[in-house]
Structure formats: structure tokens, C-alpha cells
Protein chains: 2
Amino acid sequence: MNIGEVAAETGITSKSIRYYESIGLIPEAHRTGGGYRQYSDKDVQILHFVRRARNLGFTVGEVEELLSLYRDRGRASADVREIAIKHITDLDKKVAELEGMRATLTHLVEKCHGDDRPDCPILDDLARADG
Amino acid sequence: MNIGEVAAETGITSKSIRYYESIGLIPEAHRTGGGYRQYSDKDVQILHFVRRARNLGFTVGEVEELLSLYRDRGRASADVREIAIKHITDLDKKVAELEGMRATLTHLVEKCHGDDRPDCPILDDLARADG
DNA sequence: CCTTGACCTTCCAGTAACTGGAACCTATGT
DNA sequence: ACATAGGTTCCAGTTACTGGAAGGTCAAGG
């Protein structure tokens with residue numbers, strides 16, 4: 001398979017695949033005589049792995065870790081579990097942050113009449129003198 | 001006030017304040033004879049505005065919009081409200097995304113015994129052949 | 001055989017919103 | 001005079017790509 005087919009199959013763009021190769025996340029692809037990258041089913045599987053992990057919000061660095069644990073047959077599942085759990089707490093932190101923002105903002109929007117009068121509690125609050 | 005004091009007061013780092021100036025988000029600061037930036041109370045107020053808006057998750061571009069609406073005395077509050085509401089839906093989208101990830105990952109972690117055995121459902125799922 | 005068009009190649013630059021660090025200048029206290 | 005704590009500019013790096021230019025490859029059609 002060449003890179004475009006792999007892109008269609010995995011949902012990762014060709015650009016990103018080349019990028020992943022360039023940073024060493026995935027090994028260098030084999031090349032045809034003309035210089036085109038060629039991917040085996042196993043290569044494609046690894047890219048699926050990468051996409052799924054990225055879709056779960058793992059950073060590329062974390063994906064690298066997960067891949068190396070995946071390749072290491074003797075690894076302890078506890079290691080993987082630890083990474084995953086840490087990631088869950090990261091996600092929780094982000095969610096809490098966003099929900100805090102949302103609550104404040106919703107509150108402000110409710111106070112704002114939102115017509116053509118210039119008076120706006122949202123701006124007033126952002127510009128308030130304290131803290 | 002010089003930049004360090006303003007940083008302490010607003011919670012924005014000196015670096016960021018200079019950065020905001022460099023991109024034109026805030027006007028150029030006045031300078032002392034020695035070239036130090038000097039900030040008036042009004043300058044500080046604007047930086048508070050910026051920090052609060054950033055803390056609410058507005059992008060710098062959005063903060064720019066909000067600032068210009070703030071400066072424009074004749075602006076309609078509906079404009080501000082619209083920006084805020086759009087931002088709330090953005091936040092909701094992000095929260096939903098993160099919670100989806102969290103759910104999947106939590107599910108996987110629960111299936112993973114997490115001891116020193118190499119068998120790990122988390123990796124197995126990431127590496128699964130389908131979709 | 002030649003062309004056309006789709007696909008591939010590399011490389012450079014840009015994105016968002018800063019952060020780190022080098023090299024140097026200014027202000028203040030002893 | 002000097003130490004030290006601030007300030008200054010400027011360049012590079014971060015994350016995870018994306019866009020675009022300039023050019024090479026491949027398969028099909030005339």
C-alpha cells in the first residue's frame with residue numbers, strides 16, 4: 001500500500017504519517033524503486049494503534065511509550081495501566097477546568113440582556129477592578 | 001509600575017506581557033529614560049481584562065475582539081453575548097470530547113488487571129484489527 | 001511515444017501562545 | 001566600585017501538525 005491508501009484506511013493524513021516518521025514515532029517505511037513509501041499490513045496496524053491512542057487524547061510522547069510497551073512482550077500490564085490512569089486524571093483536570101469556565105461564562109451570559117444597548121455585564125465583569 | 005510588579009499584580013508573566021505587546025493585543029507601554037516599560041493603572045486594568053478572558057478559555061484573537069468591543073462605547077451587548085455563547089458551545093464540544101475519551105479509557109483500565117503479567121487489554125484494544 | 005492528471009517526494013514556513021536562554025543594560029544598596 | 005536584582009532584545013524551541021512550492025513517478029489514453 002502506498003501512503004494515500006494508508007491515509008484513507010487509517011484516517012491519518014499522508015502529511016501526518018510522514019510527520020510521524022520524521023519524528024521517529026513510527027519506523028521508516030520501505031520504498032519502491034521510484035521512492036514511494038510502501039506499507040505492510042503490520043505498518044498499517046501500528047498506524048491504527050497510533051490513531052486510536054491519539055483519539056483517546058494521548059500525546060505523541062505517550063503514544064511512543066505505549067508503542068514501546070506494546071512491542072515489549074515482557075512488559076507488565078501495570079505500566080500501561082499507570083499511564084492510562086494518569087491520563088484519566090489529566091482528562092478529569094481538563095474537564096473540570098472547562099466546566100468551571102463554562103459555568104462562569106453561562107452565568108455572565110444570563111445576566112447580559114443581549115440587545116442593542118451598549119450596557120454589557122460580561123465586559124463589565126472582565127474589566128472589574130478587583131482580583 | 002514596571003513590568004515585574006504588573007506581572008505579580010495580574011498573574012501574567014513578564015514574558016507574556018511583552019508577548020501581548022509584540023502581537024499588538026495591548027498597546028505599546030510607555031518607557032522610562034532607561035528603557036523600562038511603565039504601566040498606568042489603566043494599563044493594568046486592561047491586563048486584568050486579558051487574563052480573565054484567557055482564564056475563561058477565550059483565544060487571544062477572541063480577547064482582541066472583546067477588547068475592541070470594550071473600547072467601543074457604542075457597541076451592542078448582543079455582539080459580546082454572541083461571542084460568549086459561541087464560546088460556550090466550543091467549551092461544551094471540548095468537554096464532550098474529553099468525556100468520551102475518559103469513558104473509553106476508564107472502561108479499558110477497569111478491564112486491565114494491572115499486575116506484573118504482560119497481558120493487557122488496553123494495548124490489545126489499541127492494536128485491534130478493526131476500525 | 002507523449003501527454004495528462006493523480007499521486008508521490010522533499011523542504012521550508014506557519015500555526016497558537018507562549019517559554020527558555022543568551023547577552024547585555026539599568027537601578028539600587030553597601 | 002560592585003553585587004544583585006531587575007529590566008531589555010532577539011532567537012530558538014515547544015506541540016502536532018498543516019499548507020504550499022517545486023519537482024519526480026505512475027497508469028491510462030490518444
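Here is the naming used below: chain letters follow the sequence lines, and residue numbers restart at 1 for every chain. Note that this is a predicted model, so its numbers are computed, not measured.
Within residues 57-69 of chain B, the residues that have a heavy atom under 4.0 Å from DNA chain C are, in order of number, B/T59, B/V60. For the segment residues 13-22 of chain A, residues with any heavy atom less than 4.0 angstrom from an atom of DNA chain C are, sorted by number, A/K15, A/R18. Of the residues in residues 34-44 of chain B, those lying under 4.0 Å from DNA chain D by heavy-atom distance are B/G35, B/Y36, B/R37.
Judged purely by atom type and a 3.5 angstrom limit, B/H48 has no side-chain atom pairing as donor or acceptor with the backbone of B/D43. A donor-acceptor pair is defined here as one N or O able to donate and one able to accept, closer than 3.5 Å; such a pair exists between the side chain of B/T10 and the backbone of B/V6. Proximity of a side-chain donor or acceptor of B/E110 to a complementary backbone N or O of B/H107 within less than 3.5 Å is not detected. B/R81 places no side-chain N or O within donor-acceptor distance of the main-chain N or O of B/A78, the cut-off being under 3.5 Å. Under the 3.5 Å distance criterion, the side-chain polar atoms of A/R102 are left unmatched by any main-chain donor or acceptor of B/H87. Side-chain atoms of B/Q45 come within 3.5 Å of backbone atoms of A/A127 as a donor-acceptor pair (strictly under, hydrogens ignored).
Rounded to whole angstrom, the span from the CD1 atom of A/I23 across to the C1' atom of D/dT18 amounts to 14 Å. For A/I26 and D/dA16, the CD1 to C1' distance is 14 Å, given to the nearest whole Å.
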Walk me through it: do A/F49 and A/L67 pass the test side chain to side chain contact (heavy atoms under 4.5 Å, CB included)?
CA-CA 8 Å; A/F49 185 111; A/L67 271 176; 3.6 Å; yes

Decide yes or no on side chain to side chain contact (heavy atoms under 4.5 Å, CB included) for B/Y36 and B/R31, but give the supporting numbers first.
CA-CA 5 Å; B/Y36 281 26; B/R31 302 294 183 115; over 6 Å; no

Yes or no on side chain to side chain contact (heavy atoms under 4.5 Å, CB included) for A/Y20 and A/V60, after CA distance, side-chain angles and deciding distance?
CA-CA 9 Å; A/Y20 289 152; A/V60 168; 4.3 Å; yes

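Legend: residues meeting ring pair (Phe, Tyr, Trp, His ring centres under 6.0 Å) with B/Y39, ordered by chain and number and at least two apart, are absent.
Between B/T32 and B/R54, the one whose closest nucleotide on DNA chain C sits nearer the 5' end is B/R54.
Ion pairing between B/K86 and B/D90 holds under the 4.0 Å rule for side-chain N and carboxylate O. Using a 4.0 Å cut-off between charged nitrogen and carboxylate oxygen, A/E21 and A/R37 count as a salt-bridge pair.
Using a 4.0 Å heavy-atom cutoff across all strands shown, A/I3 reaches sugar-phosphate atoms only and no base atom.
More than 12 heavy atoms of other residues, nucleotides or ligands lie within 6.0 Å of NZ in B/K111, so this atom counts as buried by the packing criterion. No more than 12 heavy atoms of other residues, nucleotides or ligands sit less than 6.0 Å from atom CD of A/E82.
Heavy-atom minimum distance, B/T59 versus B/R54: CA-NH1, 3.8 Å.
On the nucleic acid side, DNA chain C has its first and last nucleotide under 4.0 Å of a heavy atom of chain A at C/dC7 to C/dC11, going 5' to 3'.
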Could you list all N or O pairs between the protein and nucleotides 1-4 of chain D that sit under 3.5 Å apart?
none

